[in-house]
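One structure below.
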Amino acid sequence: MSVIVISGGRRLEGCVPVQGSKNSVLPILAASLLSGCVSVIHNCPDLSDVAASVAILEHLGCRIAREGDTITVDSSTLDRCDIPEHLMREMRSSAIFLGAVLARTGEARLSMPGGCELGPRPIDLHLSALRRLGAEIAEQGGGLRCSARSLQGCDISLTIPSVGATENAMLAACAARGRTAIYNAAREPEIVDLQRFLCACGAKVRGAGSDLVVIDGSVPLHSAEHRVIADRICAATWLAAGAAAGGEIEVEGVPREQLLPVTDLLAQAGCDVREESQRVTLISDGYLRAVPPVRTASYPGFPTDAHPPVMAALTKGTGTTVFVEMMFENRYRHTQELARMGADIRVEGRVAVVCGVPGLQGARLEAADLRGGAALVVAALAAEGESRIGGLHHLDRGYERLTETLRSLGADIVRV
Ligand code: EPZ
């Protein structure tokens, strides 16, 4: 198994062009099933979760071509409606295929996506939204059998502004007769990007980015070309790395408003943050001060996915910061690993109390989930001495060319 070896304590300098968004390209790949035509999707990141989605599309009978960061999906040849368990297990967010397959074929068979490292990942809101639209869904033996002779537009009210449930409802509603209104919809930029792709296919979708998304379904769809937005969580990770290691870094391609909760926090922690419309520059001496309590929330609140790398940056410095994780039960698996580097973190349920320490020491570390792994990388860049990080398959789900990106900023990092 390969590991990343980092010799920490070096300042980071330079500009990072941010990769395409994982959490945008995954639902868009699922949505490419709807038209039965050709979708040309640019700025796709090279990630194992993207490869898993492509494998599902190919299993369903689609023809896929990949050239650089462009993935072309011809879904005219789709000839199946089942997703086998081994493909479902590859990627927890494969539940997003449920709405797309159901919309396109009128039926869908897949296994329950199960939990992940972050804890149980229920899809009850997905299923209730699809049932509201007229789908019959039988849950048996860990599997889902769904059928919908016809889907009927309706009002859907989500009890939680779930990203995945909003996306599944949007995709199924595109095939429903009449109008669907999704109330308490998730407002993430990735939902806006999905709407942009669906409209490029000819769908009538509006309101994404607000808590009310309206879809006029059963509109004939056609081929489309689309460029995926930049990944705001990767950008947040690079900013946290610069804050922790010290130096001056720029991240390009993410609208400044999508990074506001993170840049505000890092500025309060003592970094000099300069923002233009699509570029953020951060200057740091590598020693951060505590900030007021951080509660994760749905967009536009503080993003749960940025929580671990930002926490890692705050472990070295002064003062005490309280984190409250409101989205996932098992978001703190990285804290034990950070403690092995000398970090002072106390976890009680969803609350983590970080007391800044003068310095961190390199150690042998193991990533247990995607963003927790990013936290270990951030801490290792700030630590004195060498760190060796295993569990890289978690990082490969969300960060393309991680070592090349950090090496371009001056980090002493290799993957062996
Ligand atoms: C998406 O996951 C992202 N994944 C996650 O990013 C992100 O952390 C999350 O949204 C929150 O922003 C993708 O987009 C592929 P949710 P999703 O449904 O859709 C509960 C990463 O690291 N819930 O908004 O699964 C759920 O348990 C990943 O890139 C239900 O109870 O998140 C959670 O507590 C991790 N029932 C909360 O809602 C449901 O039916 C928010 O989950 C659905 C969700």
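Computation of the quantities below employed the complete heavy-atom set of this structure, encompassing side-chain atoms and omitting hydrogens, waters and symmetry-equivalent molecules. Just follow the structure's listing: the first ligand is 1, and inside any ligand the first atom is 1. The shown structure was predicted, so the numbers you read here are calculated from the model rather than taken from an experiment.
Atom numbering of ligand 1 starts at 1 in the shown order; those under 4.0 Å from a heavy atom of Thr304 are 8 (O). For ligand 1 and Phe328, the ligand atoms under 4.0 Å from any heavy atom of the residue are 8 (O), 33 (C). Within ligand 1, counting atoms from 1 as listed, the ones closer than 4.0 Å to a heavy atom of Leu370 are 22 (O). Close contacts of ligand 1 with Ser93, meaning ligand atoms under 4.0 Å from a residue heavy atom, involve 15 (C). Those atoms of ligand 1 that come under 4.0 Å of a heavy atom in Ile160, given as number and element, are 31 (O), 38 (O). When each atom of ligand 1 is checked for a heavy atom of Leu118 under 4.0 Å away, the hits are 35 (C). Near Ile123, with a cut-off below 4.0 Å to any heavy atom, the atoms of ligand 1 are 39 (C), 40 (O). Those atoms of ligand 1 with a heavy atom of Leu125 less than 4.0 angstrom away are 36 (N), 39 (C), 40 (O).
In the candidate list Met326, His394, Glu325, Glu188, Glu188 is nearest to atom 12 (O) of ligand 1, counting heavy atoms. For atom 8 (O) of ligand 1, the nearest non-hydrogen atom from the set Asn23, Asp305, Val25 comes from Asp305.
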Exercise for the section: Please report the C-alpha distance between Arg397 and Asp369 in whole Å, then the side-chain angles of each, then the deciding distance to 0.1 Å, and finally whether the salt bridge (charged side-chain N to carboxylate O under 4.0 Å, His left out) criterion is met. Expected result: CA-CA 9 Å; Arg397 287 189 44 228; Asp369 62 71; over 6 Å; no

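Between Glu107 and Leu102 the shortest heavy-atom distance is CA-CD1, 3.7 Å.
Remark: minimum distance from atom 36 (N) of ligand 1 to any protein heavy atom is reached at Asp124 OD1, 2.8 Å. Of all protein heavy atoms, the one lying nearest to atom 19 (O) of ligand 1 is Gly164 N, 2.8 Å. The protein heavy-atom contact nearest to atom 22 (O) of ligand 1 is Arg371 NE, 3.0 Å. Atom 33 (C) of ligand 1 has its closest protein heavy atom at Met327 O, 3.3 Å. With hydrogens left out, the protein atom closest to atom 18 (O) of ligand 1 is Ser162 OG, 2.7 Å, a heavy atom. Closest to atom 2 (O) of ligand 1 among all protein heavy atoms lies Arg121 NH2, 3.4 Å. Among all protein heavy atoms, the one lying closest to atom 24 (O) of ligand 1 is Val163 N, 2.8 Å.
The existence of a salt bridge linking Glu404 and Arg407 is excluded, since no basic side-chain nitrogen approaches an acidic carboxylate oxygen closer than 4.0 Å. We find that Asp216 and Arg206 are joined by a salt bridge, their nearest charged nitrogen and carboxylate oxygen being less than 4.0 Å apart. Between Arg196 and Glu225, no side-chain nitrogen of the basic residue sits less than 4.0 Å from a carboxylate oxygen of the acidic one, so the salt-bridge criterion is not met. Ion pair Arg350/Glu325 not flagged as a salt bridge, since none of the NZ, NE, NH1 or NH2 atoms sits closer than 4.0 Å to an Asp/Glu carboxylate oxygen. Under a 4.0 Å N-O distance rule, the pair Glu136/Arg149 qualifies as a salt bridge. Ion pair Asp305/Arg331 flagged as a salt bridge, since at least one NZ, NE, NH1 or NH2 atom sits closer than 4.0 Å to an Asp/Glu carboxylate oxygen.
Atom-to-atom distance recorded for Arg66:CZ and Thr72:OG1 is 10.5 Å, nearest 0.5 angstrom. Summarising the geometry, atom CD1 belonging to Ile41 is positioned 11.5 Å from atom CG belonging to Asn43; distances are rounded to the nearest 0.5 Å.
For Pro122, the heavy-atom gap to ligand 1 drops under 4.0 angstrom.
Residue-environment remark: CD (Gln140) exceeds the threshold of 12 foreign heavy atoms within 6.0 Å.
Note: Phe323 and His307 have parallel aromatic rings, judged against thresholds of 30 and 60 degrees for the angle between ring planes.
With a heavy-atom cut-off of 4.0 Å, Lys22 touches ligand 1 through its side chain alone.
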